[in-house]
A.B. asks: 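Attaching a single structure in structure tokens format; questions to follow.
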Amino acid sequence: MKIATWNVNSIRTRQQIVLDWLEANPVEVLCLQETKVVDDKFPRSPFEEVGYHLYTSGQKSYNGVAIFSRRPMKDVTSGFTEVLGGDAVGEFDEQKRAIAGTIDDIRIINLYVPNGASVGSDKYDYKLNWLKLLQEYVKNALEKSPNLCICGDFNIVPEDRDIHDAEACRNSVGLSPAERQALEEIRKLGLADAFRKFTSEGGHYSWWDYRAAGFKRNRGWRIDHHYLSKPLYDRAKSCIIDKEPRTWVKPSDHTPVILELDC
DNA sequence: ATGGCAAGCTAAGCTTGA
């Protein structure tokens, strides 16, 4: 069973690219981020026609997440409020950044973590506070589901080997100690990075800046991840980054990451 | 040190992304 994650940077702009990719990679589940469209305007039928059930949580212009699944999912929830309650979540569900569903015995949480703009900015504070809330949400999910897969665009470079030049980017958002620590706190709840089960060397990235020929020069960042609970980590057979769609015409700046589970 | 490219919204330029 394959579970893929892909920040598509607008599903309407990337519709054909996602269809082409799915034709060659008919994954069981595809988690999308930055769909950038309200649910009413999501291009559902092209994907339903090729055999997927769609679950979307979108907003106008920004953010937005969706899950495509070959089979119907159970217990689909959007945002944090359904799990943590309105008092704890406050305004944090206004931006559509989380959607979850269950397939077989596996709980899948699809996330679009805030970018954070620049270290010290208001958006950076929002990112850290959002991650704190995510920690509570994940703690709750782990209590309910032993088989947990949390994937998406984390907008955090976990370690220096996950970026082309850590020293040159030391002050960039995504590398700050507070962001890495926030991710580490979540990981320590009982999760592991699936990609690192199979690959230890650096030089593997999932995002390249459109600007300054980032992809051509392989100036990339690995910020799209799958975090697995212990039982699922043991079941992981492979986790690969598919760079090919990043070479296509009018690509997303991210490329898909595919997890394969034994089952 | 800075900008560079792309998308959405909306009708030329701003905001966001990481």
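Chain letters run A, B, ... following the sequence lines, proteins first, then strands; residues in each count from 1.
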A.B. asks: Would you kindly give the NZ-to-P distance between A:K36 and B:dA7, to the nearest whole Å?
C.D. replies: 8 Å

A.B. asks: OP1 or OP2 of B:dA6 sitting under 4.0 Å from any side-chain N/O of A:S252?
C.D. replies: no

A.B. asks: State whether A:R211 places a side-chain N or O below 4.0 Å from either non-bridging phosphate oxygen (OP1 or OP2) of B:dA7.
C.D. replies: no

A.B. asks: Can you measure A:K250 atom NZ to B:dA6 atom C1' for me and round it to whole angstrom units?
C.D. replies: 8 Å

A.B. asks: Compare side-chain N and O positions of A:R14 against OP1 and OP2 of B:dA6 and report whether any pair is under 4.0 Å apart.
C.D. replies: no

A.B. asks: Between A:K123 and B:dT16, is there a side-chain N or O to OP1/OP2 distance below 4.0 Å?
C.D. replies: yes

A.B. asks: For A:D104, give me all partners under salt bridge (charged side-chain N to carboxylate O under 4.0 Å, His left out), at least two apart in sequence or on another chain.
C.D. replies: A:R71

A.B. asks: With the side chain of A:Y210 defined as its heavy atoms from C-beta on, choose the nearest nucleotide among B:dG4, B:dG17, B:dT15.
C.D. replies: B:dG17

A.B. asks: Assign A:D153 to base, sugar-phosphate, or nothing according to its heavy-atom contacts below 4.0 angstrom with the strands shown.
C.D. replies: sugar-phosphate

A.B. asks: What is the separation between atom CD on A:E34 and atom P on B:dT15, rounded to the nearest whole Å?
C.D. replies: 18 Å

A.B. asks: Base, sugar-phosphate, or nothing for A:F215, non-hydrogen atoms under 4.0 angstrom?
C.D. replies: nothing

A.B. asks: Want to settle it: does A:A212 or A:G116 sit nearer the 5' end of DNA chain B, counting the closest nucleotide to each?
C.D. replies: A:A212

A.B. asks: How close or far is atom C1' of B:dT16 from atom NZ of A:K60, stated in whole angstroms?
C.D. replies: 15 Å

A.B. asks: Looking only at side-chain N and O atoms, does A:S61 come under 4.0 Å of OP1 or OP2 in B:dA7?
C.D. replies: no

A.B. asks: Determine whether A:F154 and A:Y227 make a side-chain contact, defined as any pair of heavy atoms from C-beta on separated by less than 4.5 Å.
C.D. replies: yes

A.B. asks: So which nucleotide from B:dG17, B:dA7, B:dC9 ends up closest to the side chain of A:R97?
C.D. replies: B:dG17

A.B. asks: Nearest-Å distance, CZ (A:R170) to C1' (B:dA1)?
C.D. replies: 19 Å

A.B. asks: Does the separation of the ring centres of A:H225 and A:F195 fall below 6.0 angstrom?
C.D. replies: no

A.B. asks: Side chain of A:R12, heavy atoms from C-beta onward: which of B:dA6, B:dG8, B:dG4 has the nearest atom to it?
C.D. replies: B:dG8

A.B. asks: I need the full list of salt bridge (Lys or Arg N to Asp or Glu O under 4.0 Å) pairs touching residues 210-219 of chain A, with sequence neighbours left out, sorted by first then second residue.
C.D. replies: A:D209-A:R211

A.B. asks: Are the side chain of A:K96 and the backbone N or O of A:V38 linked by a donor-acceptor pair below 3.5 Å?
C.D. replies: no

